[in-house]
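Here is the structure we will look at.
Remember, it's a predicted structure, so these values are computed and weren't measured experimentally.
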Amino acid sequence: MKIRKTNKIHIIAIIVLLVTFLLVGCETNTTGQKQTITDGTEEKKINESSTTKLNNDELPNEKIDIYNHILEEYSDMVQNDFYIDLRDSDSYDSSFGENIGLEIRTHKQNVYYAFYDIDGNGTKELIIAGGENGVASPTFSPWNYDLYGYNGHDVVHIFPEMEFGYRTNFSLYENGIIEVFYSSSAAKSGVDFYKIAADGTSTELVDSFATVSHLEGDTPVFTYFQNGNEIPQEEYDAKIQSYTIALTTVLDWIQIQ
């Protein structure tokens, strides 16, 4: 009988030990699970923070791969001093990338680019400009030379029929307005206002204004038009002013090297 009692005691002791080990194991696993959950939450927060940062419009010049080949053409031009040494050769014109306009080639200058979503469709357009010596000044405003968009398959010129430079140029304003101003002669100049169409690359004419002058004796006389109809100067000035609302977004110009 004593032997049986001893065996029962041993069995109870073993059971107690097993239960203890199981409880300790559960506690350890629970602690590990809590640690895993905590780590996962932190990682999720970090990932969410990174995604927010990448999608934030406060980073206007994040890398946009669709325009890389355009920027490479301009970079080649800059690095080769605008191919000045080839100016008198047959290979001069063919040295420039096919997307580079004629007027920006005329003299060596600093060249810049910026991205801006003009029509608010989520795809930023590429603006090419030049002529200024640096971007340090808060009033930095280079001369625009070209504007590119993406149609879902290819990068294209927003105004394929226009050569922008000193007699014809464009400015960007609020509400998706693109102003194209021109001077065809000393006697005639004009301002046309466009918006980018629903396809994201073609343009729609919103309004058109022109000024024609002639001399009466030695005095120049100006006549003002809206869409071909003569209007008073006061109306002409007021209507143009209604379109030219300065951008609230400051363009982030990057020099092309």
Under 3.5 Å, is there a donor-acceptor pair linking the side chains of Glu230 and Thr223? no
No-hydrogen, no-angle side-chain donor-acceptor test under 3.5 Å, Ser183 and Tyr166: no
Report the distance from atom CD1 of Ile256 to atom CG of Asn110, rounding to the nearest 0.5 Å. 10.5 Å
Identify whether Phe225 and Val180 are in the same connected component of the hydrophobic contact network (ILVMFWY, side-chain heavy atoms under 4.5 Å). no
Expected output: side-chain Lys124 to main-chain Ala114 donor-acceptor under 3.5 Å: no
Would you say Ile127 and Phe170 make side-chain contact, with heavy atoms under 4.5 Å? yes
Aromatic ring proximity Tyr67/Tyr113, centre distance under 6.0 Å: no
Quick one: does Val206's side chain get under 4.5 Å of Tyr243's, heavy atoms only? yes
Going through the distances and angles, do Lys195 and Thr203 end up as a side chain to side chain contact (heavy atoms under 4.5 Å, CB included)? CA-CA 6 Å; Lys195 282 194 171 185; Thr203 57; over 6 Å; no
Work out which heavy atom in Asn169 is nearest to a heavy atom in Asn144; give both atom names and the distance. ND2-O, 2.7 Å
Against the six-membered ring of Tyr83, is Arg105 placed for a cation-pi contact (under 6.0 Å from the centre, within 45° of the normal)? no
Between CD of Glu179 and CZ of Phe209, what distance do you get to the nearest 0.5 Å? 10.5 Å
I'd like to know if Ile158 and Leu205 are part of one continuous hydrophobic network [Ile/Leu/Val/Met/Phe/Trp/Tyr, side-chain heavy atoms within less than 4.5 Å]. yes
Considering only heavy atoms from C-beta outward, does the side chain of Tyr236 approach that of Thr211 to under 4.5 Å? yes
Identify the heavy atoms of Tyr194 and Met162 that sit nearest to each other, and give their distance. OH-CE, 3.7 Å
If I compare all heavy atoms of Asn99 with all of Tyr74, which pair ends up nearest, and what's the gap? O-OH, 3.8 Å
State plainly whether one hydrophobic cluster holds both Tyr145 and Ile254, where clusters connect Ile, Leu, Val, Met, Phe, Trp and Tyr through side-chain heavy atoms under 4.5 angstrom apart. yes
Ala210 and Tyr182 have their tightest heavy-atom pair at CB-OH, 4.3 Å
Between Asn175 and Ile177, is there a donor-acceptor pair closer than 3.5 Å when you use the side chain of the first and the backbone of the second? no
Measure across Phe181 and Ser171 and return the closest heavy-atom pair with its distance rounded to 0.1 Å. CE2-OG, 3.6 Å
Asp207/Lys239 ion pair, N-O < 4.0 Å: no
Short side-chain to backbone donor-acceptor contact, Asn227 and Ser208, under 3.5 Å: yes
Is there side-chain contact between Ile178 and Leu147, with heavy atoms separated by less than 4.5 Å? yes
So how far is it from Gln226 CD to Glu235 CD, rounded to the nearest 0.5 Å? 6.0 Å
Show your working on side chain to side chain contact (heavy atoms under 4.5 Å, CB included) between Val212 and Tyr224 and close with a plain yes or no. CA-CA 7 Å; Val212 178; Tyr224 302 90; over 6 Å; no
Looking at Gly122, is its backbone amide N or carbonyl O close enough to the side chain of Asp117 to form a donor-acceptor pair, meaning the two atoms are under 3.5 Å apart? yes
Quick one, Leu215 with Thr219, criterion side chain to side chain contact (heavy atoms under 4.5 Å, CB included). Give me CA distance, side-chain angles, the key distance, then yes/no. CA-CA 5 Å; Leu215 289 176; Thr219 304; over 6 Å; no
Quick one: CD on Glu72 to CD on Gln79, what's the gap to the nearest 0.5 Å? 10.5 Å
Are Glu125 and Ile196 side-chain neighbours, meaning at least one heavy-atom pair lies under 4.5 Å? yes
Judged by atom type as modelled, is there a donor-acceptor pair below 3.5 Å linking the side chain of Ser75 to the main-chain atoms of Gln257? yes
So, taking the atom named CD in Glu234 and the one named CG in Asp237, what distance separates them when rounded to the nearest 0.5 Å? 7.5 Å
Would you say Trp143's side chain and Gly165's backbone share a donor-acceptor pair under 3.5 angstrom? yes
Is there a side-chain contact between Thr244 and Phe193 in this structure, where contact means two heavy atoms from C-beta onward sitting under 4.5 Å apart? yes
Whether over 12 other heavy atoms sit under 6.0 Å from His153 NE2: no
CD1 of Ile84 to OG of Ser95, rounded to nearest 0.5 Å, is 12.5 Å
Could you go through the side chain to side chain contact (heavy atoms under 4.5 Å, CB included) check for Leu71 and Ile128 one step at a time? CA-CA 9 Å; Leu71 295 175; Ile128 297 292; 4.2 Å; yes
What heavy-atom pair brings Ser94 and Ser91 nearest, and what distance separates the two atoms? OG-O, 3.1 Å
Determine whether a donor-acceptor pair (N or O, by modelled atom type, separation under 3.5 Å) exists between the side chain of Glu174 and the backbone of Thr248. yes
Assigning hydrophobic clusters by single linkage (Ile, Leu, Val, Met, Phe, Trp, Tyr; side-chain heavy-atom cutoff under 4.5 Å), is Ile100 placed with Tyr92? yes
Using the six-membered ring wherever Trp is involved, compare the ring planes of Phe159 and Phe164 and label them parallel, tilted or perpendicular (cut-offs 30° and 60°). perpendicular
Can a donor-acceptor pair be found, under 3.5 Å and without considering hydrogens, that links the side chain of Asn151 to the backbone of Val155? no
Centroid separation under 6.0 Å, is that true for the rings of Tyr148 and His157? yes
Validation row: Glu73, Glu98 side chains within 4.5 angstrom (heavy atoms): yes
Under 3.5 Å donor-acceptor, Tyr150 side chain and Gly152 backbone: yes
Any donor and acceptor pair, going by atom type alone, linking the side chain of Glu163 with main-chain N or O of Leu102 inside 3.5 Å? yes
Would you say the side chain of Gln109 lies within less than 4.5 Å of the side chain of Ile104, judging by non-hydrogen atoms? yes
